[in-house]
Amino acid sequence: MSRITVTPMTKNIGATVGNLDLTKPLSSQQKTDLKQALMDHQVIFLRDQPISHEQHKEVGKVFSNLIVHPGAPSIEGHKDIVAIHADENSKYIAGDNWHSDLSCNPEPPMGSMLYLHTIPSIGGDTLFSSMYAAYDSLSPALQEYLGGLEAEHDANPVYHSIYGDYGTAYPCSRHPVVRTHPVTGRKGIFVNRSYTTRIMGVSKTESDGILKMLFELAKDPNFQVRFEWQPHSIAIWDNRCTQHFAVWDYFPETRSGYRVTLEGDKPV
């Protein structure tokens, strides 16, 4: 088989992958190339991939084991797939705030893989922001200070309002504010507006100020790539070094697909 193509989209983040058909079994070389492309570019995109649920899960497993989402309900027959769907009846959508998926977990996911089969006539893009680039933009003194801090990531404010009360608390965990990627060794900011509630060991005033500054970094267009979806497109991203934002500018049209979540490890 010929090698896949990887075309960078920006200097800091994002690449398109071509010469690959995910509806067919992948060779060992293709799997290796896919994993390397993700490590190199933090988020990768593929077009024209009308995959089944089983194929979706098999490709996800190239990167890691699959995990079950602690809040969102699974689709029937597939406990490790969640539906990502919005239409004229939606009161909210998943992901319309800057976040890293499930950073509230004790071992946050290493990544996610989203497949959309139906998209609106216009709009519905997803933005991704490099937390490597955000960290690299800070002064050495601030990098050193942040490197000694931990933050709380709490899902309860988010999921109780969306999914209700299952009778038990949703995940709440503490993680370093600066995370070292276990594969690349690069450092990146690891707090996000959706889940991070406070910096540990400092006053509320100081915590609020630090978090406000770090949350704003994700919004910098110099650190971002924007993906325009087409039917049967796929995005695979590394949650350990990115944040993303789903734009809800297409109401009342439909945007629909499925996502699997990839097992990660404890941040250090």
Side-chain angles (χ1 to χ4, degrees), residues 12-13 42 64 67 69-71 94-112 127-163 165-220 222-224 237-245 261-268:
N12 283 320
I13 183 173
Q42 305 160 69
S64 185
I67 64 171
H69 196 289
D96 62 337
N97 201 357
W98 283 106
H99 67 289
S100 173
D101 289 330
L102 298 174
S103 65
C104 54
N105 282 9
E107 296 183 349
M110 67 78 54
S112 300
L127 285 75
F128 295 85
S129 188
S130 170
M131 293 299 97
Y132 290 154
Y135 176 80
D136 290 344
S137 73
L138 302 176
S139 68
L142 187 52
Q143 289 175 347
E144 183 178 2
Y145 172 66
L146 295 175
L149 298 178
E150 286 191 332
E152 181 179 80
H153 297 245
D154 190 355
N156 287 278
V158 179
Y159 291 149
H160 277 297
S161 62
I162 297 176
Y163 302 119
D165 188 352
Y166 285 172
T168 59
Y170 292 107
C172 180
S173 305
R174 295 181 182 181
H175 302 305
V177 169
V178 175
R179 178 174 189 173
T180 301
H181 196 285
V183 178
T184 67
R186 296 184 65 183
K187 292 183 177 181
I189 301 298
F190 196 67
V191 298
N192 64 89
R193 189 176 295 277
S194 289
Y195 293 110
T196 310
T197 53
R198 59 175 175 151
I199 302 292
M200 311 308 298
V202 302
S203 69
K204 183 178 187 303
T205 299
E206 188 172 344
S207 174
D208 290 348
I210 295 169
L211 289 178
K212 180 179 180 181
M213 175 193 65
L214 297 179
F215 292 161
E216 288 297 310
L217 289 174
K219 300 179 182 179
D220 191 324
N222 293 295
F223 309 152
Q224 295 175 5
W237 60 91
D238 190 330
N239 278 302
R240 300 167 294 189
C241 55
T242 67
Q243 292 184 37
H244 57 284
F245 185 109
T261 306
L262 312 174
E263 183 180 47
D265 50 18
K266 187 172 179 59
V268 295

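It should be emphasised that the depicted structure is a prediction, and the values quoted were computed from it without experimental measurement.
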Is there a side-chain contact between [X] and [Y] (heavy atoms, below 4.5 Å)?
{"X": "K204", "Y": "R198", "answer": "no"}
{"X": "Q224", "Y": "H244", "answer": "no"}
{"X": "T196", "Y": "L214", "answer": "no"}
{"X": "L149", "Y": "L146", "answer": "yes"}

With a 3.5 Å distance limit and no angle check, can you tell me whether [X] reaches the backbone of [Y] through a side-chain donor-acceptor pair?
{"X": "S100", "Y": "N239", "answer": "yes"}
{"X": "Q243", "Y": "N97", "answer": "no"}
{"X": "S64", "Y": "E263", "answer": "yes"}
{"X": "H181", "Y": "V183", "answer": "yes"}
{"X": "Q143", "Y": "Y135", "answer": "yes"}
{"X": "H175", "Y": "S103", "answer": "yes"}

Heavy atoms only: give me the nearest [X]-[Y] pair and the separation to one decimal.
{"X": "S129", "Y": "A218", "answer": "OG-O, 3.0 Å"}
{"X": "R240", "Y": "P109", "answer": "CG-O, 4.3 Å"}
{"X": "C104", "Y": "Y195", "answer": "SG-CE2, 3.9 Å"}
{"X": "N105", "Y": "S173", "answer": "C-OG, 3.3 Å"}
{"X": "Y132", "Y": "T184", "answer": "OH-OG1, 2.8 Å"}
{"X": "W237", "Y": "D101", "answer": "NE1-OD2, 3.2 Å"}

> Counting only heavy atoms not in E144, do more than 12 sit closer than 6.0 Å to its CD atom?
Replying inline: no
In Å and rounded to the nearest 0.5 Å, what is the [atom1] to [atom2] distance from [X] to [Y]?
{"X": "E206", "Y": "L211", "atom1": "CD", "atom2": "CG", "value": "10.5 Å"}
{"X": "T242", "Y": "I189", "atom1": "OG1", "atom2": "CD1", "value": "13.5 Å"}
{"X": "D154", "Y": "C172", "atom1": "CG", "atom2": "SG", "value": "3.5 Å"}
{"X": "R193", "Y": "F245", "atom1": "CZ", "atom2": "CZ", "value": "10.0 Å"}
{"X": "M110", "Y": "L262", "atom1": "CE", "atom2": "CG", "value": "6.0 Å"}
{"X": "N222", "Y": "S137", "atom1": "CG", "atom2": "OG", "value": "9.5 Å"}

> Salt bridge or not for D136 and R186, using N-O below 4.0 Å?
Replying inline: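 Salt bridge between D136 and R186, a charged N being under 4.0 Å from a carboxylate O: yes.
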>> Checking H153 against L102 for the side-chain contact (heavy atoms from CB on, under 4.5 Å) test, could you report, in this order, the C-alpha distance in whole Å, the side-chain angles of both residues, the deciding distance, and whether it holds?
In response: CA-CA 9 Å; H153 297 245; L102 298 174; over 6 Å; no
>> Checking N12 against S130 for the side-chain hydrogen bond (donor to acceptor under 3.5 Å, both in side chains) test, could you report, in this order, the C-alpha distance in whole Å, the side-chain angles of both residues, the deciding distance, and whether it holds?
In response: CA-CA 7 Å; N12 283 320; S130 170; 5.8 Å; no
> Would V191 and I210 satisfy side-chain contact (heavy atoms from CB on, under 4.5 Å), going step by step from the backbone distance to the final call?
Replying inline: CA-CA 10 Å; V191 298; I210 295 169; over 6 Å; no
